[in-house]
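A short write-up of the structure that comes next.
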Amino acid sequence: MVKTTTHNIEISVEVRYLAEQSLPRENHYFFVYFITIQNKSDFSVQLLKRHWDIFDSVGQKREVDGEGVIGETPVIEPGKKFEYNSGCNLISEIGYMEGFYSMIRLIDDTEFDVQIPRFELVVPSKLN
């Protein structure tokens, strides 16, 4: 697990390789990631947008931008958390993702970005 905190918003990420959804002979490797967003601030916040940079070991870079996450723009109250999971495919056995969430503090409409820590996407057999 990796985690980071920006503006008192903690982002934790865990990753799993899904062999059953991967096709190595066709250079298709699928990973699922589990994210926890914990509001350690004194204010309610809402997640508005996401930005991902996705890299693989053959030099391919993709950028993904969008509204919210998994079709939601959750409001996270102080001391509460929001959890979700999603997936990513690579054309190589090794890569990583990083990015940020754009959020708004609801008490005064202040917008800010929260860093998503870099996390590795590695087929387990490559770790040996």
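Remember, predicted model here, so these are calculated numbers, not experimental data.
- Phe31 and Val122 get closest at one heavy-atom pair: CE2-N, 3.4 Å.
- A side chain to side chain donor-acceptor pair (under 3.5 Å) check over residues 81-91, counting only residues at least two apart or in different chains, returns the pairs Thr36-Glu83, Tyr84-Tyr101.
- In this structure, Met103 CE and Ile76 CD1 are separated by 4.5 Å, a value rounded to the nearest 0.5 Å.
- Legend: side chain to side chain donor-acceptor pair (under 3.5 Å) pairs involving residues 67-76, not counting sequence neighbours, sorted by first then second residue: Gln46-Thr73.
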Ile37 and Ile9: CA distance, side-chain angles, deciding distance, side-chain contact (heavy atoms from CB on, under 4.5 Å) verdict
CA-CA 7 Å; Ile37 304 168; Ile9 308 296; 3.7 Å; yes
Check against side-chain contact (heavy atoms from CB on, under 4.5 Å), Phe82 and Lys80
CA-CA 7 Å; Phe82 178 79; Lys80 301 295 183 183; over 6 Å; no
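- Cluster membership check: Ile116 does not share its hydrophobic cluster with Phe34, using side-chain heavy-atom separations under 4.5 Å among Ile, Leu, Val, Met, Phe, Trp and Tyr.
- Interatomic distance, Leu47 CG to Ser102 OG, rounded to the nearest 0.5 Å: 8.0 Å.
- For the atom pair Arg62 CZ and Ile54 CD1, the distance stands at 4.5 Å (nearest 0.5 Å).
- Taking both residues in full, the closest heavy atoms of Asn39 and Ser44 are given as ND2-CA, 4.1 Å, listed atom of the first, atom of the second, then distance.
- Between Ser92 and Asp56, the closest heavy-atom pair is OG-CB, 3.2 Å.
- Listed by chain and residue number, nothing satisfies the salt bridge (Lys or Arg N to Asp or Glu O under 4.0 Å) test with Glu98 (two or more places apart in sequence, or in another chain).
- Sorted by first and then second residue, the pairs that involve residues 4-18 and meet side chain to side chain donor-acceptor pair (under 3.5 Å), not counting sequence neighbours, are Glu10-Lys40, Tyr17-Ser22.
- For Ile70, the CD1 atom is densely surrounded, since the number of other residues' heavy atoms within 6.0 Å is greater than 12.
- The shortest distance between side-chain heavy atoms of Pro78 and Asp42 does not fall below 4.5 Å.
- Summarising the geometry of Lys61 relative to Asp53, their closest heavy-atom pair is CE-OD1, 3.6 Å, with the distance given to 0.1 Å.
- Every residue meeting the ring pair (Phe, Tyr, Trp, His ring centres under 6.0 Å) condition with His51, not counting sequence neighbours, appears here in chain and number order: Phe100.
- To the nearest 0.5 Å, the span separating SG on Cys88 from OH on Tyr29 amounts to 14.0 Å.
- To the nearest 0.5 angstrom, Leu121 atom CG is 9.0 Å from Tyr33 atom OH.
- Taking the salt bridge (Lys or Arg N to Asp or Glu O under 4.0 Å) definition, one finds that Arg105 meets it with Asp108, sequence neighbours left out.
- Residues Gln60 and Ile91 form a side-chain contact, since some pair of their non-hydrogen atoms from C-beta on lies under 4.5 Å apart.
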Apply side-chain contact (heavy atoms from CB on, under 4.5 Å) to residues Val45 and Leu106 and explain how you reach the verdict.
CA-CA 6 Å; Val45 299; Leu106 296 179; 5.9 Å; no
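- Residue Arg118 comes nearest to Val2 through the heavy atom pair O-CG2, 3.7 Å, listed as atom of the first residue, atom of the second, then distance.
- When hydrophobic clusters are built by joining Ile, Leu, Val, Met, Phe, Trp and Tyr residues whose side-chain heavy atoms come closer than 4.5 Å, directly or via intermediates, Val69 is grouped together with Phe112.
- Counting heavy atoms from C-beta on, the side chains of Lys49 and Ile104 never come closer than 4.5 Å.
- To the nearest 0.5 Å, atom CD of residue Gln21 and atom CG of residue Leu18 are 5.0 Å apart.
- Following chains of ILVMFWY side-chain contacts shorter than 4.5 Å, one cannot reach Leu90 starting from Phe55, and the two form parts of different hydrophobic clusters.
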Candidate pair Phe119 and Tyr96, rule side-chain contact (heavy atoms from CB on, under 4.5 Å), full reasoning:
CA-CA 6 Å; Phe119 56 95; Tyr96 66 90; over 6 Å; no
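- Nearest heavy-atom pair, Gln115 versus Ile11, reported as atom, atom and distance to 0.1 Å: O-CG1, 3.5 Å.
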